[in-house]
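Note that the coordinates shown come from a computational prediction; the quantities given were computed from them, not determined experimentally. Below, chain A is the first sequence line, B the second, and so on; all start at residue 1.
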Protein chains: 2
Amino acid sequence: MVQRNTDVSAQVHDSHDSAACTVLEVLDRVSGKWTIGILLATAHGPVRFTELERTVQGISRRMLTLTLRNLERDGLLVRTVYPTVPPKVEYTATEVALELYASLASLTSWAERHRATIAAARDAYDRSME
Amino acid sequence: MVQRNTDVSAQVHDSHDSAACTVLEVLDRVSGKWTIGILLATAHGPVRFTELERTVQGISRRMLTLTLRNLERDGLLVRTVYPTVPPKVEYTATEVALELYASLASLTSWAERHRATIAAARDAYDRSME
DNA sequence: CCGGATCCAGGACGATACTG
DNA sequence: CAGTATCGTCCTGGATCCGG
């Protein structure tokens, strides 16, 4: 999109936009409104389409289809069609997707450590704006 | 990139993973088109508005303002106004923001480990679709 | 049962002229 | 210098109908 890529270790003290590209790639891949929900729902084993529609609450059929297609396209999910009547389709998380899920741990940790602080900051900001 | 409004509450069935909400919170806070770029640009010390406009390449003045406001609102940046003529405004990353930046490391690692795999999967998918 | 196709409202974003 | 105001465009995502 905007920036280039380099190594990870020296990010914090390196030039401004070096790590941005890689990070943005990940975020673009994951930041869909429903992506994480679907990945979580498929983390424990194959799941069927209608089952996902129930599990990922609030998702529309259209967005479920689109998000599943994108995840399949990136090799994070495998789509298996059983040529039965009625049709049966299962979605299974790949190893890559499971590793991603594990990598979200530190982010989750960050969020849990600071969610109260952030909420307070937000409230204070909103009140001071009024 | 994803368009996201402020409503990101429970989308995932919490019987499976209550971590989903937290992850989504983080993603919503970070997944803006310019958020990461701005955080990276402010990681080394106070930065002025126009300096950001140059550093974060491609950003419009409007989006710079909006993104900065949101980051300030969440307590990730501190906005300091010097009542001089001409005016001078500095944006400084908070400790919370710096910790977040560090937490992105495992995501970056994931992206670098699998970016080739994912690109290949995507190419294969696109060719099979054609 | 598993979607694809279409229509439409609303939000994200860009460009730029203007201001204290 | 550091924004704000305004307009216009593009895209996301929900609703709905349809087909295999």
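Computed from coordinates, the D28(A) CG to dC11(D) P distance equals 15 Å when rounded to whole Å. Taking atom CE on M63(A) and atom P on dA15(D), their separation rounds to 12 Å, with Å as the unit. Atom CZ in F49(A) sits roughly 5 Å away from atom P in dG3(C) (whole-Å rounding). Note: NZ (K88(A)) to P (dC1(C)) measures 13 Å, nearest angstrom. A straight line from CD of E51(B) to C1' of dG3(D) spans 16 Å, rounded to a whole angstrom. For L64(B) and dC1(D), the CG to C1' distance is 13 Å, given to the nearest whole Å. Residue W34(B) contributes atom CH2, which lies 9 Å from atom C1' of dC13(C) at whole-angstrom precision. Computed from coordinates, the L66(B) CG to dA15(C) C1' distance equals 14 Å when rounded to whole Å.
Heavy-atom distances to DNA chain D give each of S60(A) and P87(A) a nearest nucleotide, and the one nearer the 5′ end belongs to S60(A). Ranked by how close their nearest DNA chain C nucleotide is to the 5' end, P86(A) and R62(A) are led by P86(A).
Contact between the side-chain N/O atoms of R79(B) and the OP1/OP2 oxygens of dG3(D) is found at a separation under 4.0 Å. For dT4(D), the OP1/OP2 oxygens have no side-chain nitrogen or oxygen of R61(B) closer than 4.0 Å. Between R69(B) and dG3(D) there is a side-chain polar atom (N or O) within less than 4.0 angstrom of OP1 or OP2. A close approach under 4.0 Å does occur between a side-chain nitrogen or oxygen of T50(B) and OP1 or OP2 of dA2(D). Listed pair Y91(B) / dC1(D) fails the phosphate criterion, with no side-chain N or O lying under 4.0 Å from OP1 or OP2.
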Exercise for the section: Apply the test side-chain contact (heavy atoms from CB on, under 4.5 Å) to residues D74(B) and N70(B): give CA-CA distance (whole Å), side-chain angles for both, the deciding distance (0.1 Å), then the verdict. Expected result: CA-CA 6 Å; D74(B) 285 344; N70(B) 283 329; 5.5 Å; no

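Remark: side-chain polar atoms of T22(B) are not paired, donor with acceptor, to backbone N or O of E112(A) under 3.5 angstrom. The closest donor-acceptor contact from the side chain of T42(B) to the backbone of L39(B) lies under 3.5 Å.
Listed candidates were dT4(D), dC1(D), dC1(C). Nearest to the side chain of T65(B) is dT4(D).
When all heavy atoms are compared, the tightest approach of W110(B) to S103(A) is CB-OG, 3.8 Å.
Hydrophobic cluster membership for Y125(A): M129(A) (Ile, Leu, Val, Met, Phe, Trp, Tyr linked by side-chain heavy atoms under 4.5 Å, directly or transitively).
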